[in-house]
Amino acid sequence: MSENFGTVVVCDFEYESAPGELCDVLCMVAHVLDEHLRHVHTVRLWRGEFGSTPQFDVGPDALFVAYSAWAEMTCFKVLGWPFPVHIFDQHTAHLAASNILLPYDPDQVRKKLRKRLPDACRAYGIEGWEKINKDTIAEEIGAGHWAKYGREQVLEYCEEDVRMSVRLLHAQLRGRPGMPRADVERVLYWSNYSTKCIALIQARGIPIDMALWNLVQENKVAVIGELLRQFDPSYGSDDPIYTPEGEWSYERFERWLIRTGVVAWPRLDSGRLNIDSDAFRLMYHVPGIEALHALRDSLGFIVKARLPIGRDGRNRPSLFPFGTATGRNAHAKSPYNAHAGMRGFMMFPRDAIGAYLDWRTQEIGVAAALSGDTALMDAYRTGDVYHALAFVLGFTDDPDPVSWKKHDPAMRNRMKALQLAISYGMGVPSLARGLDRHPLIASEIIERHKRSYPRFWQWRADMVQTAMLKRRIESVFGWPLHISTSPNQRTLYNFPMQAGAAEMLRLATVRLCEAGVVPIMLIHDGILFEETEREKIEHAKEIMRQAGRDVCDGLTIDAEVDQMLENGARYHDKRPMAQQMWQTVMRALDAVGAMPKRKAS
Amino acid sequence: MRLHPDEAAYWSPELCFVNVPIKGQKRDTLHLIDEDLAMSYLPPARILRFRLALAAKPNAVFFLCHVPSRNQDNSWNGSNLQACEQAKTLWTLVTSRKEEGVEAYKIDSARDPDAFPDPNWPTQSLTDLISVTFARRMIESEDHPALLRLIGARQSTS
């Protein structure tokens, strides 16, 4: 690193922040280091002293270093400073070094390890902040109560973080047993996305129809009641799954399953019911389950109302780049963290164009490309891989994908679940449960899939074997997952597809931001835009397509317009359950007279 | 284990069963099969015959116990049947004596008969309980996937 950069700037900001608002910068401390990481001088700035450019080099000869540097880049943006050319985000470096798949133990409930600056320091054996109650001060500064500490103490607190970051930087470059040395080139590449792009996207935010959001919050009881009436299949019974306040109960759900004769609900190895989204999707063939799933994903959104919305009516969710093991974002607190029906709260200004673009069956495309399975690539290229799957597996003899999609949407949904299940290595018993078919049918389906796409199956087996031998698996562009003993093989099956899809999103996002088409939200296989010119949306589509080709070795992963919203249009997810959910919310508001009366024409 | 004391209501007559190998599953899967279908399509040696009785473990885990209905002179079957009879009234533990070189089960009863509470037996009929337990594993027609597998016929995935 020292050979490449004449100056290294290790920096930290303190700022006030309210949910959904952009930060209000308070102070900054930077340690400017030479090419050998020796301290040269310190820059300490307080509110009112920042100026229009940083007081250190951010050009191509300098490296900017910070922990969770997206926050620093947000401060840069608020201050109007130019972004540094090169950024080493220590948080991203730490996530890469500590991204480990632990031994598979379904009975153990693991708490997700925190990965803040002190946690990263401890991982390298660096202790600090002995005289400071870091959590309390950070919270109070954020809430604007910094005055009780005074300027000097806040600057000292900020500088302590910088001193620790410098020590952490040395440690990350050295590595230690169990914590591999940071791959600087890759960290710089990842940081471009996880700092500059994330800061730009989060700063924009998602437009929310505040009048309607507030109306729903004011009439929460009525809305919850109507949602329960419509979507809880146990509503009105002596033992409903939900309380009237909208509280879910595992025990009552289990009793409802028994009462309704659902004996084959997927279970965890521990014996408990699996109640994650995939398990629900697998059981959609059971009457009432799809509605119950939709209800589960919507009620939390309305009841808890944790959406951070700024005074400008913009929801600014946390995107948490590289927050999952596969390198996907772990975004939270957005309409995309709830049932699709809740996306109706997004409404674009009249002078803007809202567009949601997504990659077509992205993960299957990645699987086809990475495995080099020509049959799977051909199936993907037909434009409807689910029809191709249904055809080879004997679920349809209709050779026309368009008429099949039109006439048998239920089968198409079943093929989606089936493809997902097979890709992720689901076994015969679970697949049989999900398809509501005899295990021999599930077994036959898997065998036919193997015969149809043999290269894919061989690639997947080889990939897992290599990962187990190397104790490491990497995405196309190098995002690593370290492996302990006895990992869950299904996680390894899953990794190349999800990690490849995440690479596609990152690559497209960086290129979009460089082209001045800054998204307003990233959602795994889709990107939300708010622009004023249609040409920019077209340009975005081409950038996404190219990113697909670059990740998939030339195979075109098409980007399609899912939503194009003009003249103040509201986002409406097209799926029937989402529409039903939204209509129920509107009906509840209407029933209590909360909706403004329309003028008679 | 305990077996339901009402033999008339909760012990089935002799039924026919067959084990079916399924690729992707470690063990063969036991299927209940209609006797006429079994006789028509399967070699007699492949057909298993026994009774089912509603049984319970001490922690309210219910299951269908296999009660021998044939070859009761066989020491395994004889001791098994004896244990089933005893379990109508007593908590009973059955273990193999093979390692001792004895071809029979060892039958023990709980030291204290009230060590575990009496089972709170389900109220559903035995027929209902068998239907739930053997859901998708009841061969009642010629096109059942398991029968197709046993006779080597092509499967339909639809």
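Convention: sequence-line order gives letters A, B, ...; per-chain numbering from 1.
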Is there any residue in [range] with a non-hydrogen atom under 4.5 Å from a non-hydrogen atom of chain A, and which ones are they?
range: residues 81-98 of chain B; value: none
range: residues 109-134 of chain B; value: B/V132
range: residues 11-47 of chain B; value: B/V20, B/P21, B/I22, B/K23, B/G24, B/Q25, B/H31

| query | If you draw a 6.0 Å radius around CD in A/Q465, do more than 12 non-hydrogen atoms from other residues or ligands fall strictly inside? | reply |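 Incorrect, the count does not exceed 12.
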| Got a sec: does the CD of B/E100 have more than 12 other heavy atoms crowding it under 6.0 Å? | yes
| Under a 4.5 Å heavy-atom cutoff, which of A/P429, A/A390, A/G261 has the most pairs with chain B? | A/P429
| query | Picking from A/L435, A/V428, A/L431, which has the most non-hydrogen pairs under 4.5 angstrom with chain B? | reply |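 Between A/L435, A/V428, A/L431, the count favours A/V428.
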| request: Indicate the atoms forming the closest heavy-atom contact of A/I441 with B/S156, along with that distance. | output: CD1-O, 3.2 Å
| said: Within residues 442-454 of chain A, which residues come under 4.5 Å of chain B, heavy atom to heavy atom? | reply: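 Only A/S443, A/E444, A/I445, A/E447, A/R448 of residues 442-454 of chain A have a heavy atom under 4.5 Å from chain B.
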